[in-house]
Amino acid sequence: MEKRTNFRSKLGAILAASGSAVGLGNVWRFSTEVGANGGAAFILIYVLCVLLLGLPVMVGEFIIGRHSHANTVDAYRKLAPRTGWIVQGFLGVFTGWFILSYYSVVAGWTLGYLGSSVAGRVTHIEDSAAFFSTFTSSPWWAIGCMVTVLLITHLIIVRGVQNGIERFSKLMMPMLLIIIIGLGIASLTMPGAKTGLQFLFKPDFSKITSSTVLSAMGQAFFSLSLGMGALCTYASYFSDDTRLTRAAGSVVTIDTLVAILSGFIIFPAVFSISTVAPDAGPGLVFITLPEVFKAAFADVPWLGYLFAVLFYLLLLLAALTSTISLHETATAFLHEQGIPRHRAAWIVTGVSILFGTLCALSFGLLKDLKPFFGMTFFDFFDYFSAKVLLPLGGLLISLFVGWKLDRQLVKDEITNHGRYKTPLCGLLLFLLKWFAPIAISLIFLNELGIFK
Ligand code: PHE
């Protein structure tokens, strides 16, 4: 087998990891969850989950990946030979596959909206809710766009780590940030801006229930790409002088910034148009944004057109840097079992298309088929991965790094073998060893109604 590559530069490594983290989760899923869970109070719990659970678990994943320099299954095989921990590796690969399948459907919608905005239609939509439902319920569009997204991901994956993943992420992350800030400013000029900002920043604690906390935790893991081995796989391409805590700090900061900024775009718009409520579900972003492009730029339509095209283009690119990391987790695993990389990639793409089709049809042909706890395929894939599989993965990772791994190995990874002082190392290890496992378990138990 050929020699394993690393990312070329530290910046490239950080941007690739941020590319995995920043995606539809920050814009589409974040606003859907904020809307469904009552706004500011949810955001507050979300930020706490990011800092107290996400950051330490991310450092944990980085340690596992960088120390083993292997895919997520072999990482556990190397670090804890002949133990049951390998199950966590397999769980990660499975979860990545699962998420990729339904995530590609939403990425496909983004592609479809990009096409429509290039054709000038998005800025002229009469009823954006009706447009969304017509688009997503058409089997050909929904499946066609989903498959296209998976094929583009596939093409980048087969180009490898440096030329595919690293180069692509470096180019688009800064562009995305600039566009999001521009649109946020535009949205703040809309009539409902004040109500929107209140919704975002004035917490109403009566809205908090046990499921709000589970949703916030799930969203934190989802948005940071944690709990399934994507960042562990990326960290296996980190070089020995990358500082893990710094890298994790940067990824968490960028990811949270993009999520909050996207709130600035979506909610002023939600409260400015009468046809949509904050808890409108997965269509929220796709229904509100066309209204922003139309209303905020009513006097300069070409600017609305330009922003629409750029926004969907960048959202699609952001989604792609995430689908790449989901795909890479499974591809690296299959490849390192001896399957040629392009064949491994085809297996991952093929299975995802199969599952993705079920999810894509959940808004049309299969909308009434609810085989799992009254949920459609799409809703089940989303619920099960974000609220069960990822937090479970996070729990196992914190237990593994906090209790199973040799303490010295962990310290060596964090301080680059004593080369750097890491002032918060002790706190981080405490969070990883005690706080994260206890808090995640309590949130699970609470959701199951154990404390009622
Ligand atoms: N973090 C990505 C997003 O926010 C989604 C993702 C989840 C990617 C898990 C990889 C692993 O869009």
Side-chain angles (χ1 to χ4, degrees), residues 15-34 46 49-50 53-55 57-58 61-62 65 71-72 89 91-110 149-150 153 156-157 165 169 172-173 176-177 180 215-235 248 251-263 282 285 314-333 348 352 381-394 397:
L15 290 181
S18 311
S20 166
V22 174
L24 296 169
N26 303 61
V27 181
W28 163 73
R29 200 171 191 287
F30 180 73
S31 41
T32 308
E33 290 286 302
V34 170
Y46 170 76
C49 288
V50 165
L53 300 175
L55 191 63
V57 171
M58 188 179 292
E61 276 205 38
F62 281 175
N71 66 77
T72 183
L91 199 68
V93 172
F94 171 76
T95 309
W97 225 316
F98 213 67
I99 298 180
L100 181 60
S101 306
Y102 88 93
Y103 195 91
S104 306
V105 173
V106 185
W109 296 346
T110 314
V149 164
L150 282 168
T153 308
I156 300 169
I157 286 287
I165 301 174
S169 311
M172 63 123 300
M173 290 305 299
L176 180 73
L177 218 59
I180 286 193
S215 300
M217 173 169 78
Q219 174 61 19
F221 279 106
F222 187 92
S223 186
L224 296 170
S225 303
L226 290 177
M228 52 137 295
L231 292 188
C232 171
T233 307
Y234 272 19
V251 175
V252 165
T253 310
I254 296 176
D255 190 73
T256 309
L257 205 71
V258 174
I260 305 274
L261 283 175
S262 82
V285 169
L314 287 171
L315 189 61
L316 178 65
L317 296 178
L320 284 171
T321 49
S322 300
T323 53
I324 289 167
S325 71
L326 291 160
H327 200 298
E328 175 67 17
T329 308
T331 305
F333 162 64
V348 178
S352 306
F381 272 52
D382 181 64
Y383 185 96
F384 194 57
S385 49
K387 294 189 184 163
V388 180
L389 292 171
L390 294 182
L392 182 65
I397 289 166

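Indexing begins at 1, ligand by ligand and atom by atom, following the structure's order.
S225 OG, 3.3 Å is the protein heavy atom nearest to atom 8 (C) of ligand 1. Atom 12 (O) of ligand 1 has Y103 OH, 2.5 Å as its closest protein atom, hydrogens excluded (heavy atom only). When only non-hydrogen protein atoms are considered, atom 3 (C) of ligand 1 lies nearest to A21 O, 3.2 Å. In this structure, the protein non-hydrogen atom closest to atom 7 (C) of ligand 1 is F222 O, 3.3 Å.
Not a single donor-acceptor pair under 3.5 Å links the side chain of W97 to the backbone N or O of A330. Under a 3.5 Å cut-off, the side chain of S262 and the backbone N or O of N26 do form a donor-acceptor pair. When atom types are taken as modelled, the side chain of S322 and the backbone of V22 share a donor-acceptor pair closer than 3.5 angstrom. When atom types are taken as modelled, the side chain of T256 and the backbone of T253 share no donor-acceptor pair closer than 3.5 angstrom. Between the side chain of T72 and the main chain of G229, no donor-acceptor pair closer than 3.5 Å is present.
Those atoms of ligand 1 that come under 4.0 Å of a heavy atom in N26, given as number and element, are 4 (O). Residue-ligand proximity, S325 to ligand 1, at heavy-atom distances under 4.0 Å covers atoms 10 (C). Near S20, the atoms of ligand 1 lying under 4.0 angstrom from a non-hydrogen atom of the residue are 1 (N), 2 (C), 8 (C), 10 (C). Of all atoms in ligand 1, numbered sequentially from 1 with element shown, those under 4.0 Å from a heavy atom of G25 are 3 (C), 4 (O), 12 (O).
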Please report the C-alpha distance between N71 and T233 in whole Å, then the side-chain angles of each, then the deciding distance to 0.1 Å, and finally whether the side chain to side chain donor-acceptor pair (under 3.5 Å) criterion is met.
-> CA-CA 5 Å; N71 66 77; T233 307; over 6 Å; no
Where do T331 and H327 land on the side chain to side chain donor-acceptor pair (under 3.5 Å) test, with the steps shown first?
-> CA-CA 6 Å; T331 305; H327 200 298; 2.8 Å; yes
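Using cut-offs of 30° and 60° on the angle between ring planes, the pair F222 and Y103 is tilted.
Considering backbone and side-chain N/O atoms, I99 never comes within less than 3.5 Å of an N/O atom of ligand 1. Any N or O atom pair closer than 3.5 Å counts here, and L326 shares no such pair with ligand 1. The shortest N or O to N or O distance between S223 and ligand 1 is under 3.5 Å. Polar contact with ligand 1: absent for D255 (N/O pair, distance under 3.5 Å).
For the pair V106/R29, no side-chain contact is recorded, criterion being any heavy-atom separation below 4.5 Å from C-beta on.
The closest approach between any non-hydrogen atom of F221 and ligand 1 is not below 4.0 Å.
Comparing heavy-atom distances from atom 11 (C) of ligand 1 across H327, M228, E328 singles out M228 as nearest.
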